K.L.:
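Quick one: the structure is below, and I'll ask about it shortly.
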Amino acid sequence: MKAIPLALTALLVVAIGISGCTSVTPAPTPPAAQPTKPPAAPTAAPAASAPVGGRLALVKSRGKLICGINNAQPGFGFLDKTSGELVGFDIDFCRAVAVAVLGDAKAVEFRPLNTAQRGPALQTGEIDVLIRNTTWTSTRDTSWGLFAPTTFYDGQSMLIRKTLNAKTLKDLKGATICVQSGTTTELNLTDRMREAGVDFKPVVFQDADPTYSAYEEGRCDAVTSDMSQLVSRKSVFKVPGDHVIMDLVMSKEPLGPEVPLGDDAWFNVVKWVIFITFQTEESGITSKNVDEMLKSTNPDTRRLLGVEGELNKGLGLEKDWVVKVVKAVGNYGEIYDRNLGPNTAVSVPRGVNKPWTQGGLLYAPPYR
Amino acid sequence: VKQSTAVPFWRDVRVLTALSQVAFVLLVIVAGSFLLGNLSTAMRQRGLASGFDFVNLESGFEIGEGLISYRPSDTYGRAIAVGLLNTLLVSVLGIALSTVLGVIVGVARLSSNWLVSCMAAVYVEIIRNTPLLVQLIFIYFGVFLALPPVADSLEFSGIAFASRRGLFLPRPMPSATFDLWLALIGVGVAAALIVWFVLSRRPATRRTYWPVGLALAVLLLAVAGGWFLVGSPPLTWEVPVKERYNFAGGIPMSPEFSAVLFGLVLYTAGFIAEVVRGGIQAVRPGQVEAARALGLDEPRILQLVIFPQAMRVIVPPLTSQYLNLAKNSSLAIAIGFPDVFSVGSTVANQTGQPVPVIVLIMATYLAMSLITSLLMNLYNRHVQVLEK
């Protein structure tokens with residue numbers, strides 16, 4: 001029940017927005033009113049905000065990056081109890097983009113969005129980038145926005161009580177399964193169950209908090225989502241040991257940042273900020289040794305850190321942007337360890353989320 | 001006379017009135033077309049094709065409960081229809097139950113019994129002064145999901161069960177003698193109508209019998225007598241049976257459905273109670289005193305004097321409450337009940353077409369509300385005719 005106060009607040013805000021009673025409280029999440037009437041308000045804004053200079057110029061002139069995030073997933077985006085600030089894997093990538101463009105890790109306005117709000121927020125250009133454990137699919141690539149490189153390769157699974165003793169999907173015949181609406185998991189669940197010829201009852205919630213609360217309260221036999229989310233949510237259950245993630249992968253879930261359609265320059269910036277975090281890990285550049293690395297004689301490293309060449313110009317960024325990014329948030333490995341590493345409460349094994357040189361899937365094209 | 005014709009048209013009230021109306025209509029048209037134009041331009045810019053072609057595509061998602069059969073291989077259109085029927089079910093049941101509860105509480109508030117009127121007042125004030133969404137979430141998580149797990153379900157005489165998987169009630173199933181029983185009930189209805197017709201046509205001086213009461217008694221006799229006359233019971237009960245995960249059979253009421261229904265009924269009944277109380281108090285005390293002076297007994301005063309006059313005041317605000325209930329049912333999305341709004345937002349997400357889907361949902365609620373208003377306005381006219 002730990003999540004209940006949070007669930008209450010989040011739900012309230014969302015539903016107040018949905019019910020259109022916007023005069024009751026000034027909703028902290030402006031896109032809350034989006035699902036009811038996406039076109040009206042923001043139409044004028046993007047027309048003006050897709051200016052000649054594009055979104056890169058817009059972000060620079062605004063002095064702030066607007067990043068759509070998830071604020072309810074420990075390890076990826078969550079409010080840190082001691083500092084009162086948002087922390088997490090996705091949050092750090094927002095900060096990395098902000099550092100690259102504005103040179104300041106604090107120059108980010110975080111917009112917490114639920115799964116239903118994120119698509120319209122991108123379509124209307126209300127956010128600059130969405131970094132919110134969003135699965136790359138062709139529909140979203142063409143109708144929501146463009147996906148930058150995948151930052152987390154995930155797969156869908158099922159969280160159940162240990163006492164249920166289910167091994168395969170067939171064991172879940174007749175089960176009730178909690179799932180969040182507006183997700184790829186909702187569709188995968190139906191697909192895999194149809195494939196296995198198994199009937200089930202879904203209980204569909206709009207937000208993550210009630211989804212997991214309802215499961216924990218025993219409304220559902222299982223809850224399904226991306227493995228990373230299940231691990232993260234399980235870590236904050238009352239008795240995490242009572243629950244187990246089934247040993248099955250129901251889908252491919254490449255999670256990554258997404259930018260609004262129709263702005264190639266901005267897409268390039270976000271894309272290369274991600275690639276740079278991959279490349280710096282591969283090259284052994286960390287937030288600790290980056291100053292020494294500046295003196296390196298290796299031409300690749302010198303180009304990467306902006307000592308040689310003017311690769312930054314094509315992207316429209318400062319000469320030392322890579323150095324700043326690495327100093328502020330570190331390379332991919334550092335970001336991962338800080339938020340999801342073995343010393344964190346969430347602790348997700350890295351799996352394929354390793355550089356290709358170590359047998360993983362992280363592969364950055366040459367920066368030259 | 002000559003002076004009045006000399007008034008220039010810009011000072012002629014009739015002309016000004018007409019002109020101002022024309023100007024207003026023009027303003028509305030201009031503003032409306034600007035907004036529509038803005039919408040379609042913006043949608044074109046973002047590649048959000050409008051149109052409703054998607055309703056014939058395969059949906060590919062499952063829905064938890066519904067009145068009509070639905071498979072993931074059905075279309076988006078059918079998915080929305082499932083949601084719409086769920087909304088209608090909650091709305092119709094909600095309106096019926098909240099009216100009953102609201103009238104009881106409203107009358108109770110006027111009771112001369114201190115405890116009864118106080119309890120009614122406390123109920124109304126608590127319900128009216130807390131937000132519906134909070135109540136819904138409380139009822140869902142705090143009541144229905146706080147029931148015991150399936151293994152230790154609450155049992156009611158072994159035929160009905162309550163657990164955090166929902167309420168399971170026995171379902172009446174017609175047996176072989178059901179048709180015969182139905183025929184006997186038909187005869188009973190006819191007999192009851194005849195009794196009522198004959199009794200209510202008797203001269204006023206001899207109208208001491210209760211025409212409605214006697215007719216109902218005849219009907220009840222037919223129903224009950226028929227049950228035993230046909231031999232074996234015409235209805236058997238399908239009792240829910242426990243399976244691996246949950247009960248099967250009977251009438252299942254999911255926690256989501258139950259929470260939405262209870263929440264809406266409790267909330268709306270609070271408002272209806274006030275409407276009823278206001279209506280009754282709007283009848284002047286002199287009317288009651290006059291009726292007493294004529295020697296009418298208390299039930300007759302309620303039936304013949306207070307009620308007809310109170311209805312004129314009650315019906316219009318009651319209509320608003322019915323409309324509110326239907327629209328408030330969209331809050332079901334917060335607790336996972338697949339109503340039309342919840343299913344609609346899933347569709348909007350899966351198709352990436354929020355605008356057409358929202359337009360569809362708005363049109364649905366508009367149609368529902370307009371039909372409700374139409375019916376209530378007809379009833380209102382019927383009630384108002386009584387005024388002389």
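Each chain gets a letter, A, B and so on, in the order its sequence line appears, and its residues count up from 1. Keep in mind that this is a model prediction, so the values were computed, not measured.
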K.L.:
Quick one: sort the A:W136 and A:F147 rings into parallel, tilted or perpendicular, breaks at 30° and 60°.
P.N.:
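Because their plane-to-plane angle is under 30°, the rings of A:W136 and A:F147 count as parallel.
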
K.L.:
Please name the residue in the list B:L264, B:T130, B:I126 that meets the side-chain contact (heavy atoms from CB on, under 4.5 Å) test with B:Q135.
P.N.:
B:T130

K.L.:
Could you walk me through whether A:Q73 and A:N133 pass the side-chain hydrogen bond (donor to acceptor under 3.5 Å, both in side chains) check?
P.N.:
CA-CA 9 Å; A:Q73 190 168 356; A:N133 50 315; 2.8 Å; yes

K.L.:
In terms of heavy-atom proximity below 4.5 Å to chain A, should B:I63 be classed as side chain, backbone, both, or neither?
P.N.:
backbone

K.L.:
I need the residue from B:S345, B:G166, B:P255, B:S342 with the largest number of non-hydrogen atom pairs under 4.5 Å to chain A.
P.N.:
B:P255

K.L.:
Using non-hydrogen atoms only, which part of A:R219 is less than 4.5 Å away from chain B: side chain, backbone, both, or neither?
P.N.:
both

K.L.:
Just so I understand: if I count every heavy-atom pair under 4.5 Å between each of A:S181, A:G218, A:G119 and chain B, which residue has the most?
P.N.:
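Option with the greatest count: A:G218.
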
K.L.:
Tell me, out of A:T137, A:T139, A:T211, A:L164, who's got the most heavy-atom pairs with chain B below 4.5 Å.
P.N.:
A:L164

K.L.:
Between B:F168 and B:F161, is the ring centroid distance below 6.0 Å?
P.N.:
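Centroid distance B:F168-B:F161: not below 6.0 Å, so no.
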
K.L.:
Given that the side chain runs from C-beta out, which part of B:S59 has a heavy atom under 4.5 Å from chain A: side chain, backbone, both or neither?
P.N.:
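Answer is backbone: N, CA, C or O of B:S59 sit under 4.5 Å from chain A.
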
K.L.:
Using a strict 4.0 Å threshold on nitrogen-to-oxygen distance, state whether A:D242 and A:R161 make a salt bridge.
P.N.:
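A salt bridge is absent here (no side-chain N lies under 4.0 Å from a carboxylate O).
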
K.L.:
Taking every heavy-atom pair that is under 4.5 Å apart, which of A:V179, A:V204, A:L187 has the most such pairs with chain B?
P.N.:
A:L187

K.L.:
Measuring heavy-atom distances to chain B, does A:C220 have an atom under 4.5 Å in its side chain, in its backbone, in both, or in neither?
P.N.:
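Contact with chain B is through the backbone of A:C220 alone.
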
K.L.:
Name the region of A:L189, side chain, backbone, both or neither, that has any atom closer than 4.5 Å to a heavy atom of chain B.
P.N.:
neither

K.L.:
Heavy-atom distances under 4.5 Å only: say whether A:I177 touches chain B with side chain, backbone, both or neither.
P.N.:
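Neither the backbone nor the side chain of A:I177 comes within 4.5 Å of chain B.
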
K.L.:
Under a 4.5 Å heavy-atom cut-off, does chain A meet the side chain of B:P338, its backbone, both or neither?
P.N.:
neither

K.L.:
Supply the atom-to-atom distance A:R118 CZ to A:T183 OG1, rounded to the nearest 0.5 angstrom.
P.N.:
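Between atom CZ of A:R118 and atom OG1 of A:T183 there are 7.0 Å.
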
K.L.:
Are B:F144 and B:F262 near enough that their ring centres are under 6.0 Å apart?
P.N.:
yes

K.L.:
Out of B:E65, B:E256, B:K327, which one racks up the most heavy-atom pairs below 4.5 Å with chain A?
P.N.:
B:E256

K.L.:
Less than 4.0 Å between a side-chain N and a carboxylate O, is that true for A:E217 and B:R165?
P.N.:
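Looking at B:R165 and A:E217, the cut-off is not met.
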
K.L.:
For B:L35, is it the side chain, the backbone, both, or neither that has a heavy atom closer than 4.5 Å to a heavy atom of chain A?
P.N.:
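Neither part; nothing is under 4.5 Å.
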
K.L.:
For the residue pair B:E58 and B:T75, confirm or rule out a side-chain donor-acceptor distance under 3.5 Å.
P.N.:
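No donor-acceptor contact under 3.5 Å links the two side chains.
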
K.L.:
Sort A:T115 into side chain, backbone, both or neither according to what part of it lies under 4.5 angstrom from a heavy atom of chain B.
P.N.:
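For A:T115, the backbone is the part near chain B, not the side chain.
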
